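The block underneath contains the structure these notes are about, expressed in structure tokens.
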2 protein chains.
Amino acid sequence: MSGPRERTRAAILEASAVVLGRNHDATLPAVAEAAGVGRTTLHRYFPDRESLLSATTADSLAAVEQAVTDAAIEDGSPVDAMRRLVAAMVSVGDRLIYLFGDPRVLGVDDDDCPDEDAQPEPSADQRVIQMIKRGQAEGAFDDQLTPDWIQQTLWALVYTGCEAVRNGELTRHAVVPMVTRTLEGGIRPA
Amino acid sequence: MSGPRERTRAAILEASAVVLGRNHDATLPAVAEAAGVGRTTLHRYFPDRESLLSATTADSLAAVEQAVTDAAIEDGSPVDAMRRLVAAMVSVGDRLIYLFGDPRVLGVDDDDCPDEDAQPEPSADQRVIQMIKRGQAEGAFDDQLTPDWIQQTLWALVYTGCEAVRNGELTRHAVVPMVTRTLEGGIRPA
DNA sequence: CCAGAATGGAACTCCAACGTTCCAATTCTG
DNA sequence: CAGAATTGGAACGTTGGAGTTCCATTCTGG
């Protein structure tokens with residue numbers, strides 16, 4: 001329960017997010033190897049691929065949720081809140097990348113997924129939208145754009161930044177200013 | 001040679017881009033069905049999955065390449081050129097979405113999963129970068145951002161817009177103004 | 001209208017990943 | 001230290017999609 005169990009489980013979920021985030025069809029043995037664990041052990045914790053995916057998704061959602069909470073986007077000016085939010089999302093970049101590739105999140109995708117209507121973050125999602133609306137009301141954000149589109153723009157830029165880091169095109173500390181500047185001012189000169 | 005062969009081939013490649021763009025692991029029978037073609041026929045045109053993927057990638061690259069050429073981004077003001085480019089890319093949205101999910105674009109690393117996000121085109125790629133640099137030189141685009149980042153931003157927004165259309169969140173004619181406005185001015189009020 | 005091309009369905013084989021079981025070795029824990 | 005828990009390796013059986021072959025049917029073009 002406490003000792004090695006939890007540590008092993010966490011290691012598997014961490015590796016799973018990274019490996020499956022990079023390639024959603026990665027083989028189960030590949031995940032096991034990345035986690036530094038035997039294939040048998042992997043199956044012992046997560047009997048089948050499906051249960052590993054569910055757990056990884058849940059775990060990643062929780063991590064993102066926590067990051068958004070830590071950003072305290074209800075407080076301060078909308079612009080500052082947005083900046084903190086960007087930084088928070090970048091800090092959980094690996095989990096974000098995994099979630100973006102997961103068909104069951106925002107489930108309009110794939111063939112099946114019958115009753116899976118889970119948003120990326122049921123609660124965090126709403127809070128972000130709320131913050132965006134507040135920003136529009138206070139005149140800090142463009143109210144010609146829908147809150148939904150602004151949110152998607154935010155995610156797209158953060159995602160792009162995280163991948164750039166992963167590919168070595170950007171350093172980790174450079175990505176937040178870059179995303180923030182682009183998000184706030186677009187590509188026009190300042 | 002020309003008659004039915006070409007039409008069938010084109011139908012398969014079209015369906016392939018759509019189906020595999022939505023889910024890169026879609027089954028071969030699924031592609032055949034989407035193309036309105038028997039599984040046998042699919043194999044007759046593309047002996048194995050690999051050759052179908054190559055052909056689809058090549059075909060999509062050509063379509064995107066053509067769209068960029070049609071946009072004539074070397075002419076006129078950089079801002080107008082960028083707007084035409086956005087419209088052109090949206091018009092080949094299905095192909096773009098497929099290419100973004102194709103691991104082999106950019107990274108030709110051996111069998112193991114190459115890098116995810118990548119440049120859709122080799123040559124068009126260069127022309128876009130060139131146009132961005134021209135825009136920066138003329139003071140139309142922010143020269144604090146790297147051309148590479150601006151290009152990735154462009155793609156990310158176009159991709160997001162195309163997916164929004166596919167999910168029914170945006171109408172096809174609404175996406176170009178939305179992407180263009182966001183790209184040019186970010187989320188700040190105008 | 002007819003010969004040849006094109007197609008699709010059925011019935012196979014093949015294979016890689018999945019999932020399971022068993023057991024010996026190692027590591028916790030009281 | 002002894003017993004329990006945890007682990008990993010090996011060797012299975014199972015499964016679903018890939019790829020192939022054969023043949024009857026439909027379509028195309030001269």
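Just so we're on the same page: letters track the sequence lines, and every chain starts at 1. What you see is a predicted model, and the numbers here were worked out from it, not measured in a lab.
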Separation of [N] [atom2] from [X] [atom1] (nearest whole Å):
| X | N | atom1 | atom2 | value |
| --- | --- | --- | --- | --- |
| Leu42(A) | dT6(D) | CG | C1' | 15 Å |
| Leu53(B) | dA18(D) | CG | P | 10 Å |
| Ile12(B) | dA6(C) | CD1 | C1' | 12 Å |
| Arg9(B) | dA6(C) | CZ | P | 14 Å |

Under-4.0 Å salt bridge between Arg22(B) and Glu163(B): no
Classify the side-chain pair Gln152(A)/Glu169(B) by whether it contains a donor and acceptor separated by less than 3.5 Å. yes
Is it the case that Arg127(B) and Thr69(B) place a side-chain donor and acceptor less than 3.5 Å from each other? yes
Does dT7(D) have OP1 or OP2 under 4.0 Å away from a side-chain N or O of Thr8(A)? yes
Evaluation steps, side chain to side chain donor-acceptor pair (under 3.5 Å), between Ser16(A) and Tyr98(A): CA-CA 9 Å; Ser16(A) 175; Tyr98(A) 167 80; 5.7 Å; no
To the nearest 0.5 Å, what is the distance between CD1 on Ile187(B) and CE on Met82(A)? 3.5 Å
From Tyr45(B) atom OH to Thr8(B) atom OG1, the distance as rounded to the nearest 0.5 Å: 3.5 Å
Reckon Tyr45(A) touches a base, only the sugar-phosphate, or nothing at all at heavy-atom distances under 4.0 Å? sugar-phosphate
Each nucleotide of nucleotides 10-26 of chain C classed B (base within 4.0 Å of a protein heavy atom), S (only sugar-phosphate) or -, in 5' to 3' order, makes BB-----SSBBB-----
